[in-house]
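Shown next, in structure tokens, is the structure this report addresses.
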Amino acid sequence: MNEARVPAETTTFMTDFLRQCGGYGVIDGGLATELERHGADLNDPLWSAKCLVSSPHIVRRVHLDYLDAGANIITTASYQATIQGFEAKGFSRDESEELLRKSVEIALEAREIYLERCTKDSWDWTATERGSTRPILVAASVGSYGAYLADGSEYSGKYGDSVSLETLKDFHRRRVQILANAGADLIAFETIPNKLEAQAYAELLDEEGIEIPAWFSFNSKDGINVVSGDSITDCASIADASKRVVAVGINCTPPRYIHGLISSIREVTNKPIVIYPNSGETYDGETKQWLKSDGMTGEDFVSYVSKWKEAGASLFGGCCRTTPNTIQGIAKALSSKAF
């Protein structure tokens, strides 16, 4: 790895941010859930990325809802936004690349609107706990190759023998370049289902000399391995070895598995651990529906935040089927003097 090309500030980026936040950070929650609640129809291979075309104002609204709820980090509507996916819908290469940039621009606009509104709402806002001095980052979301396939394989990590390390690097390369240069503060590689894709991301960050930091978050369905069956410690070790990765963790995983996964990740890295589970429901990739389970309720979800923090996590949010109410509960739990 070419360490000389790693910006010096990358190595302290997340620790400095967490220090500014008071030791922990709050991430936003489910995007698609809220887009649908506001009337968006996501029955499309582009999923939430469809709104970049049809209803960017709703995306902006959801970002603002999460900022109002107390989020320190908002993630862009680019999880399922790929050049290949847009081109399959008839967009040109230039139009596809512009839609990727647009996902970041919308989030940046939401942050600016929020901070301006905060300043107008209170003359002494900068002196308040949740005021404009509160650090707010925009994370450019990168979904897995399986998310692009829209066949549920991001929840299995089974891509087939024809998909190699080079296949994955070639698929993600231009997308990562564009998002890295669009103005986001960091890149969130989300719902990583296997070790191969984690390695592809790590090599891409190095090969392209990406200057903004990144986090890697994996998903699990057993609390021991990532969904492909690869060891969570092996996957986390890849993130730990990359100088550009400033946090590693878990997303889109039932809350009941989180504590054990934090402990496993902590065995192989001292980097900040990022945790944003789903609601505890199970996604059926064939029917494309969320199924009720015996998982935690929303109240249970928030009540476990203190245990996750004690286990070693320092960035907390929600994934699929979580809402601004969930994030508000997390923010309150973390700021509680009794915590």
Note, Q20 side chain near R134 side chain (heavy atom, < 4.5 Å): no
About how many Å separate CG of L115 and CD of E112, when rounded to the nearest 0.5 Å? 8.5 Å
Do I265 and V248 touch side chain to side chain, with heavy atoms closer than 4.5 Å? yes
W308 side chain near I262 side chain, heavy-atom distance below 4.5 Å: yes
Nearest atoms (heavy-atom pairs only) where M14 meets L315: SD-CD1, 3.8 Å
Output side-chain donor-acceptor pairs under 3.5 Å for residues 104-111, partner residues at least two apart or in another chain, one line each.
residue	atom	partner	partner atom	Å
E109	OE1	R60	NE	3.1
E109	OE1	R60	NH2	2.9
R111	NH1	I136	O	2.8
R111	NH1	D185	OD2	2.9

Do NZ/NE/NH1/NH2 and the carboxylate oxygens of K307 and E310 come within less than 4.0 Å? no
Any idea which heavy atoms bring G317 and P277 closest together, and the distance? O-CD, 3.4 Å
Between K221 and S156, which heavy-atom pair has the shortest distance, and what is it? NZ-CA, 4.4 Å
Between Q80 (side chain) and A147 (backbone), is there a donor-acceptor pair under 3.5 Å? yes
Between L52 and S103, is there a side-chain heavy-atom distance shorter than 4.5 Å? yes
I'd like to know if the side chain of S92 and the backbone of E95 have a donor-acceptor N/O pair within less than 3.5 Å. yes
Could you state the interatomic distance from CG (L179) to CG (L186), rounded to the nearest 0.5 Å? 11.5 Å
Does a sphere of radius 6.0 Å around NZ in K332 hold more than 12 heavy atoms from other residues, nucleotides or ligands, not counting ones at 6.0 Å or beyond? no
Are R61 and E34 within salt-bridge range, i.e. N to O under 4.0 Å? no
Separation of L99 CG from L46 CG (nearest 0.5 Å): 9.0 Å
With rounding to the nearest 0.5 angstrom, report the CD to CG distance, Q199 to D230. 11.5 Å
Could you measure the distance from the CD1 atom of I275 to the CD1 atom of I330? Nearest 0.5 Å is fine. 11.0 Å
Determine whether Y66 and D68 satisfy the following criterion, side-chain contact (heavy atoms from CB on, under 4.5 Å), listing intermediate values before the conclusion. CA-CA 5 Å; Y66 280 119; D68 285 336; over 6 Å; no
Where do V26 and L334 land on the side-chain contact (heavy atoms from CB on, under 4.5 Å) test, with the steps shown first? CA-CA 9 Å; V26 179; L334 290 168; 3.9 Å; yes
With the threshold set at 4.0 Å, does a side-chain nitrogen-carboxylate oxygen contact exist between D44 and K89? yes
Closest contact, heavy atoms only, I238 versus A202: CG2-CB, 4.1 Å
Check this for me, if you would: do E211 and R244 make a salt bridge, where the nitrogen-to-carboxylate-oxygen distance has to be below 4.0 angstrom? no
Evaluate the side-chain proximity of I58 to C51: yes if any heavy-atom separation is below 4.5 Å, no if none is. no
Can you find a pair of side-chain heavy atoms, one from V246 and one from K271, that are under 4.5 Å apart? no
Does the side chain of V176 reach to within under 4.5 Å of the side chain of E208, using non-hydrogen atoms? no
I need the R175 CZ to S96 OG distance, nearest 0.5 Å. 12.0 Å
Test log, rule side-chain contact (heavy atoms from CB on, under 4.5 Å), inputs L31 and Y79: CA-CA 10 Å; L31 179 63; Y79 176 82; over 6 Å; no
Is there side-chain contact between V226 and K195, with heavy atoms separated by less than 4.5 Å? no
Would the distance check show the side chain of R266 and the main-chain N or O of T269 forming a donor-acceptor pair, the cut-off being under 3.5 Å? yes
Is the side chain of S220 donor-acceptor paired with the backbone N or O of N225 at a distance under 3.5 Å, no angle test? yes
Would the distance check show the side chain of T253 and the main-chain N or O of N251 forming a donor-acceptor pair, the cut-off being under 3.5 Å? yes
Does any N or O in the side chain of N270 come within less than 3.5 Å of the main-chain N or O of D240, such that one atom is a donor and the other an acceptor? no
Please check: side-chain N/O of S78 versus main-chain N/O of S141, any donor-acceptor pairing under 3.5 Å? yes
Below 30° counts as parallel, above 60° as perpendicular, anything between as tilted: where do the rings of F216 and F218 land? perpendicular
Side-chain hydrophobic cluster, 4.5 Å single linkage: members besides L149: Y145, Y148, Y159, V163, L165, L168, F171, L196
